[in-house]
Amino acid sequence: DALLLAQRWSKVVAVTFAVGAVTGTVLSFEFGLLWPAFTGRFGQVFGVLFAIEGVCFFLEAIFVAIYIFGWKRLAPWTHFWTGVPIVITGLGGAFSVVAVNSWMNQPQGFSPTTGDVTSVEPLKVIFNPAVPYEVPHMILAAYLVTGFIVASVYAVGMLRGRRDRIHRLGLLIPLTVACIATPIQFAVGDTAARSIAKDQPIKFAGMECVQQTSTHVTEYIFGRCTSSGVKGGVGIPGLDSFLVGWSTSTQVTGLDSVPPDDRPPANTMLHWAFDIMIGICTVLMGLGLWLAFGWWRKRDFPQSPWFLRATAISGLAAVTALECGWIVTEVGRQPWVVYNVLRTEDAVTKASGVWVTFAAIVALYVVLGAVLIVTLRAMARRWREADEPDEEGPYGPASSGPAAVVAGSPG
Amino acid sequence: MSRAEAVAIVRWIGATMYAVFGGADFGAGLWSLLAGGGQRGRRPRELIDWAIGPVWEANHVWLIFVLVVLWTGFSPAFEAIFSTLFIPLSLAALGIVLRGSGFAFQRTARRARGRAVSEKLFGVSSLLTPFFMGTVVGAIAGGRVPVGNAAGDAVTSWLNPLSLVIGALFVATSAYVAAVFLVSDARRGDAPDLERYFSTRALIAAVVTGALAATGLILLHSDARFVFDGLTSDGLPLVILSVLCGVGVLVLLRRGARRGARALAVGAVAAVIWGWGVAQNPYLLPQKLTIAGAAAPSATLTSVLIVFGVAVVLVLPSIGLLFTLVQRNLVEEAARPSPPPRASA
Ligand code: HDD
Ligand code: HEM
Ligand code: HEM
């Protein structure tokens with residue numbers, strides 16, 4: 001049964017992979033269509049990372065194809081080993097793209113910092129100071145999101161009364177992985193926040209609505225950011241200073257240390273995004289505890305509707321946390337594209353009419369996402385009608401799927 | 001050879017791969033559109049699906065590769081091209097998205113209506129991308145892409161006779177390469193009727209491609225003198241080679257030869273691409289920006305070359321593995337196009 005699950009999941013991967021490839025292609029167009037001045041000046045600095053990502057992706061694509069073809073045709077262990085390069089290249093690709101983002105947060109390894117770049121030190125670019133926290137944080141986030149989403153799909157199924165082995169395994173495996181990753185994510189995120197307080201103090205001030213540089217800074221949970229401090233929300237005196245430097249007398253840099261032009265916009269949103277990310281992580285850890293408790297008491301996961309309901313929304317929660325995290329990094333970095341080096345307004349294309357392009361791209365992404373969901377649901381529906389042979393992922397010729405296995409199983 | 005030139009060559013290799021394999025993909029989409037709907041076009045479309053199924057999207061990687069090497073190795077050229085030519089490039093990207101999703105979903109869409117729509121989408125978008133890519137190349141050859149952020153004219157840079165003819169030439173070339181490939185696929189799939197079907201189409205596409213190429217040359221003469229001069233001097237041997245390969249393919253197809261046509265068709269396309277590269281040397285953007293002038297600092301160029309070397313060492317064996325697996329079991333695959341219909345059709 002676990003095998004059947006793995007086969008089904010690999011088909012889902014095939015469909016999402018195809019969509020990922022297409023959006024990735026468009027993404028590389030966007031570097032030029034939207035941000036020519038950014039890429040024109042710094043492409044020579046960060047570009048190598050994308051070259052590495054390209055190689056990883058290429059290998060990944062090849063091995064995904066082999067893997068999916070191999071279900072029926074390769075010996076089981078051979079087939080397993082063709083999966084290993086997928087994991088390695090996947091991680092390599094994630095490292096490279098997130099390292100670019102890290103470099104935008106902590107740019108180094110090029111000179112001069114104004115005007116044309118004339119020298120580059122690739123290793124310093126690749127291993128910039130934000131990599132150690134940003135890369136693991138994003139990779140863990142990816143595992144969290146995937147784990148909780150897959151678990152929530154099966155939780156919904158179980159809530160609707162489908163309680164067979166397939167559903168139970170389909171819930172348990174990914175949920176366990178995600179629940180183990182969650183506390184680690186908490187720790188990494190915490191490290192990230194502390195590093196940012198040191199390396200990108202203005203971003204941190206924006207995240208926490210710290211207006212004036214001072215000690216004994218209050219940590220606010222939610223609340224509205226105004227120029228005279230946080231209104232509303234729950235304030236815990238001294239905690240912000242404590243979290244930054246393990247002592248309430250730690251000094252925290254405030255927004256007033258730079259001119260208004262250099263401060264990030266939309267402070268309340270930034271602050272809320274940060275708090276929501278942390279809040280969701282905390283709640284998800286609670287879900288993990290619940291699961292662990294169930295195992296400890298009954299050697300099984302809790303079957304109560306409330307547990308299933310909680311699992312059912314955990315996927316959505318994880319995605320929300322992911323998006324909030326990106327809002328924190330990206331909006332928090334404003335007004336800079338490359339922190340303290342290049343302003344966003346100077347990076348954007350000067351072509352008029354890109355708004356049309358931009359709107360078209362957004363619309364396409366929406367359509368693509370919608371069709372993806374519809375397709376995946378259609379696949380799920382067919383899997384449920386057990387006597388139907390499997391339909392095809394985009395890779396296989398019409399009979400490459402494990403049709404025989406599915407047709408003969410009770411799943 | 002300088003490091004910048006080495007990187008330029010690496011990029012040109014990527015462009016060649018994309019033109020040949022990506023082109024074959026687009027061309028196949030085009031033939032699937034031209035095959036017509038419903039029963040009539042069913043068999044050719046089956047063959048097309050069957051032939052490009054397993055490898056279709058690996059080919060897009062060549063495009064990414066070209067873009068990444070361009071923006072890493074020659075950032076100012078990337079900036080100039082993408083900001084000035086954002087209209088055709090956006091439309092080309094649109095084609096890629098629609099095509100990818102059309103193809104992915106046509107295999108999973110169950111209802112006939114959904115399938116028909118995604119097939120249409122797949123076909124039409126296969127036309128968009130090569131055409132607009134061609135207009136971009138035309139704009140560059142015609143010297144209409146100045147250095148800087150959107151320094152050129154957003155419309156006339158690519159909406160001119162030279163660009164349009166080169167756009168059409170790209171479409172025709174794709175169709176031609178695809179048809180030649182499909183002839184071999186039909187043979188592999190034991191479908192003699194389809195073999196004939198695509199042979200005829202390959203011949204037609206070859207004639208159209210030749211005519212468009214000749215028109216293009218005439219326009220280059222008046223509009224892009226630098227490239228024209230290059231093509232008729234340093235690039236001439238390659239142009240001649242291309243013509244010879246092209247004629248060779250036609251002869252082989254007429255004779256129904258079993259092998260060789262594929263390789264020659266690839267040769268014809270590759271030769272013309274390298275001919276163009278030689279013709280506009282030492283420029284990246286003819287008479288606007290040289291290779292040396294656009295090149296990144298040397299450490300970056302070295303890294304690109306290293307990554308490329310690693311890629312060759314790792315990717316080639318993997319691709320080999322994939323193709324071996326695919327070829328081996330495609331031969332025994334039940335999903336081959338159905339046997340030729342009996343008398344009724
Ligand atoms: C499932 C998703 C998820 C979860 C549960 C968390 N995060 Fe997160 N966070 C992300 C997903 C994410 C992200 C979307 O992946 C970001 C955006 C950039 C990045 O590298 O990761 C991110 C960025 C991000 C940043 C900004 C990094 C930067 O600007 O470079 C900080 C400070 C934190 N996180 C802190 C935390 C803390 C303290 C968490 C737990 C208590 C936490 N995150 C849970
Ligand atoms: C952290 C965020 C990102 C994640 C999680 C991510 C994930 C993915 C995934 C899942 C794919 C599909 C293929 C694969 O698995 O390799 C992919 C492909 C790709 N991504 Fe990303 N990506 C991210 C950011 C980026 C960024 C910022 C770029 C910038 C240009 C980018 C460029 C690409 C490219 C070029 C491809 C390959 C498409 C192809 O070759 O057809 N990605 N990415
Ligand atoms: C909610 C999520 C996000 C928001 C609100 C957001 C916002 C922005 C904004 C406003 C910019 C332009 C200004 C600037 O670069 O500072 C930007 C650029 C950029 N973002 Fe994000 N972003 C988000 C997610 C992501 C993700 C998931 C990636 C993937 C790795 C990413 C990678 C980049 C990159 C590479 C740029 C540089 C400009 C470019 O090359 O296009 N961002 N983002």
Side-chain angles (χ1 to χ4, degrees), chain A residues 15 18-19 21-22 24-26 28-29 31-33 36-37 39-45 47-48 50-52 54-55 57-59 61-63 65-66 69-70 73 117-122 349-354 357 360 364 368 371 375 378-379 382 391-399, chain B residues 50 53-58 60-61 63-65 67-69 71-73 75-76 78-84 86-87 89-90 93-94 96-97 100-101 103-105 107-110 149-150 154 296-297 299-300 303-304 307-308 310-311 314-315 318-319 321-322 325-326 329-330 333-335:
Chain A
V15 175
V19 173
V22 173
T25 313
V26 176
S28 34
F29 273 73
F31 272 81
L33 294 176
T39 317
R41 191 165 147 204
F42 291 114
Q44 46 198 338
V45 180
V48 173
F50 281 113
I52 298 174
V55 175
F57 174 79
F58 208 166
L59 285 170
I62 294 167
F63 277 94
I66 292 178
F69 263 91
R73 301 191 183 78
V117 174
T118 53
S119 97
V120 175
E121 293 174 76
T349 179
K350 289 207 174 67
S352 52
V354 281
T357 314
L364 271 174
L368 211 56
V371 179
T375 306
M379 283 166 72
R382 263 168 269 169
E391 81 307 320
E392 285 318 307
Y395 283 90
S399 76
Chain B
W50 178 68
V55 282
W56 72 276
E57 62 141 319
H60 271 306
V61 179
L63 174 61
I64 312 271
F65 176 86
L67 295 184
V68 170
V69 175
W71 86 48
T72 310
S75 319
F78 181 81
E79 175 178 11
I81 295 170
F82 270 74
S83 56
T84 292
F86 76 97
I87 298 174
L89 284 166
S90 299
L94 181 78
I96 289 171
V97 175
S101 23
F103 187 76
F105 298 128
R107 289 191 153 234
T108 46
R110 173 182 280 165
N149 184 349
T300 300
S303 317
V304 171
V307 173
F308 179 72
V310 173
L314 289 179
V315 169
S318 320
I319 283 211
L321 180 61
L322 176 63
L325 283 173
V326 169
N329 72 64
L330 274 183
E333 194 54 70

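Below, each value reflects all heavy atoms present in this structure, side chains not excepted, and no hydrogens, waters or symmetry copies. These numbers come from a predicted model, not from an experiment. Every chain is numbered from 1, with letters handed out A, B, ... down the list of sequences.
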Under 4.5 Å from any heavy atom of chain A, what part of B:Leu63 do you find: side chain, backbone, both or neither? side chain
By ring-ring contact (aromatic ring centres under 6.0 Å, His included), which residues pair with B:Phe86, not counting sequence neighbours? none
Which residues pass the ring-ring contact (aromatic ring centres under 6.0 Å, His included) test with A:Phe42, sequence neighbours left out? A:Trp103, A:Phe110
Hey, which of A:Val45, A:Ile52, A:Leu59 has the most heavy atom pairs under 4.5 Å with chain B? A:Leu59
What distance separates B:Phe308 CZ from B:Phe65 CZ, expressed to the nearest 0.5 Å? 5.0 Å
Tell me, side chain or backbone of B:Leu67 under 4.5 Å from chain A's heavy atoms, or both, or neither? side chain
Max heavy-atom pairs within cutoff under 4.5 Å with chain A, candidates B:Ile81, B:Leu89, B:Val304, goes to B:Leu89
Distance flag, aromatic centroids of B:Phe82 and B:Trp71, threshold under 6.0 Å: no
Part of A:Val48 within contact of chain B (heavy atom distance under 4.5 Å): both
I want to know whether B:Phe78 and A:Phe31 have ring centres closer than 6.0 Å. no
